[in-house]
Amino acid sequence: MNIQWYPGHMTKAKRMMAENIALVDIVIELLDARIPFSSKNPEIERLAKDKPRIVVLNKSDISDQAENDAWLEHFRGGGLAAVCVDSTSGKGLPQIADEARRLMRPKRERQQARGRVFAPIRAMIAGIPNVGKSTLINKLVGKPAAKTADRPGVTRSKQWIRIVKDFELLDTPGLLWPKFDDPSVGLNLAFTGAINDQIVDVIELSLLLIETLRSRAPSAIPSRYKISVADEDTPLTVLENIAAAREFRLKGAALNMERAAITLIDEFRAARLGRITLESAEVTKC
Ligand code: G4P
């Protein structure tokens with residue numbers, strides 16, 4: 001399956017992001033912790049124009065704990081600030097402002113030495129569709145959100161949200177689009193739901209997911225669906241066994257393969273098959 005998909009308004013999104021980046025001190029690069037490599041757009045480095053970046057591994061509640069640690073080490077080893085968060089519960093979110101302060105400290109010390117009063121740190125969240133940008137912003141904002149006024153001449157028509165006293169967030173996230181140079185990237189994006197399901201064949205996708213899970217998490221399918229999976233079973237046999245185990249049948253008693261495929265994909269995305277990371281930090285190319 002070779003997936004090629006681009007969200008609409010790509011040029012507009014790119015332009016908006018380039019404009020907004022000029023207004024911030026820091027860029028928060030949001031990745032999906034289940035697919036840190038596939039959800040990362042290498043272009044962000046250029047777009048961020050040398051501004052400090054914080055890599056935020058979101059959805060870390062549904063990715064593998066040991067892999068989360070390995071990815072943090074990977075990014076930190078490459079000189080980037082990196083944290084793991086769960087934007088749904090809010091776990092880990094305070095680390096973002098902490099890291100922003102740490103990254104901005106040298107600049108602030110220089111400003112202080114010159115007797116300047118420093119303004120709050122301003123940040124923008126950027127990431128591919130569905131990675132959790134809105135969820136993260138909403139969780140950080142909480143209630144009631146203190147919306148700050150524009151700084152005349154600098155940030156006309158931009159809305160900043162004060163998260164804590166010294167840290168503000170642009171309320172419009174930067175939209176990046178996935179990179180499809182490597183076919184496995186497209187697949188990982190489809191498995192995790194980052195790509196519109198309408199463009200993929202659901203049965204074909206489920207068969208590829210079965211193959212992937214076989215190597216990444218061999219016990220996930222057998223334990224979720226209470227079926228045995230032998231080495232020689234084809235992905236199609238496994239899908240048939242899932243359909244049979246769940247009693248998914250069409251009129252006339254034939255197995256309802258489409259329903260089995262949709263169920264498997266949905267349950268994988270909701271982490272009902274366990275916390276599974278599809279890409280290892282050790283073998284990544286980034
Ligand atoms: P976006 O703005 O980047 O496009 O993403 P958005 O916040 O809309 O989040 C996409 C989906 O991911 C949402 O699911 C959201 O609840 C879920 N999500 C975001 N952050 C986390 C996280 O840290 N952990 C988990 N487990 N889920 C997270 P949804 O509303 O159910 O959308 P969908 O799944 O129906 O597409």
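In each ligand, atom 1 is the first atom listed, and ligand 1 is the first ligand listed. Each residue takes its place number in the sequence, starting with 1. These numbers come from a predicted model, not from an experiment.
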Atoms of ligand 1, numbered as shown, that sit under 4.0 Å from any heavy atom of K133: 1 (P), 2 (O), 3 (O), 4 (O), 5 (O), 7 (O)
Please list the nearest protein heavy atom to atom 20 (N) of ligand 1 with its residue and the distance rounded to 0.1 Å. N58 ND2, 3.0 Å
Step by step, would you call T237 with T234 a side chain to side chain donor-acceptor pair (under 3.5 Å)? CA-CA 5 Å; T237 308; T234 63; 2.8 Å; yes
Within 6.0 Å of CD in E43, more than 12 heavy atoms from elsewhere: yes
Is the shortest distance from atom 26 (N) of ligand 1 to a protein heavy atom below 4.0 Å? yes
Please list the nearest protein heavy atom to atom 18 (N) of ligand 1 with its residue and the distance rounded to 0.1 Å. K59 CE, 3.8 Å
For D61, the ligand 1 atoms whose distance to one of its heavy atoms is below 4.0 Å: 22 (C), 23 (O), 24 (N), 25 (C), 26 (N)
Within the side chain of W71, is there an N or O that forms a donor-acceptor pair under 3.5 Å with the backbone of A82? no
Min N/O separation G132 to ligand 1 under 3.5 Å: yes
Output the list of atoms in ligand 1 that are nearer than 4.0 Å to some heavy atom of D86, sorted by atom number. 22 (C), 23 (O), 24 (N)
Can you check whether a protein heavy atom sits less than 4.0 angstrom from atom 4 (O) of ligand 1? yes
Working to the nearest 0.5 angstrom, can you tell me the gap between L175 CG and K14 NZ? 12.5 Å
For atom CZ of R116, decide whether the heavy atoms of other residues, nucleotides or ligands shown that lie under 6.0 angstrom number more than 12. no
Atom 32 (O) of ligand 1 protein-contacted, heavy-atom criterion under 4.0 angstrom: no
When distances are taken from atom 22 (C) of ligand 1, the protein heavy atom at minimum range is T88 OG1, 3.1 Å
What do you reckon, does S60 have a nitrogen or oxygen under 3.5 Å from a nitrogen or oxygen of ligand 1? no
Salt-bridged, D166 to R101, with N to O below 4.0 Å? yes
Does any N/O atom on V131 come nearer than 3.5 Å to any N/O atom on ligand 1? yes
May I ask you to decide if I128's main-chain N or O and K133's side chain share a donor-acceptor pair within less than 3.5 Å? yes
Are R53 and E45 close enough for a salt bridge, meaning some N to O gap below 4.0 Å? yes
For atom 13 (C) of ligand 1, closest protein heavy-atom neighbour: T135 OG1, 4.5 Å
Going only through I, L, V, M, F, W and Y residues with side-chain contacts under 4.5 Å, is there a path from L93 to I163? yes
Taking 4.0 angstrom as the limit and counting only heavy atoms of S87, give me the atoms of ligand 1 inside it, by number and element. 20 (N), 22 (C), 23 (O)
Look up atom 7 (O) of ligand 1 and tell me if a protein heavy atom lies less than 4.0 Å from it? yes
Any protein heavy-atom neighbour for atom 35 (O) of ligand 1 (distance below 4.0 angstrom)? no
Can you confirm whether something in the protein, heavy atoms only, sits under 4.0 Å from atom 1 (P) of ligand 1? yes
Give a yes or no answer on whether the side chain of N138 reaches the backbone of S134 with a donor-acceptor pair at less than 3.5 Å. yes
Basic-acidic side-chain contact under 4.0 Å: R216, E67: yes
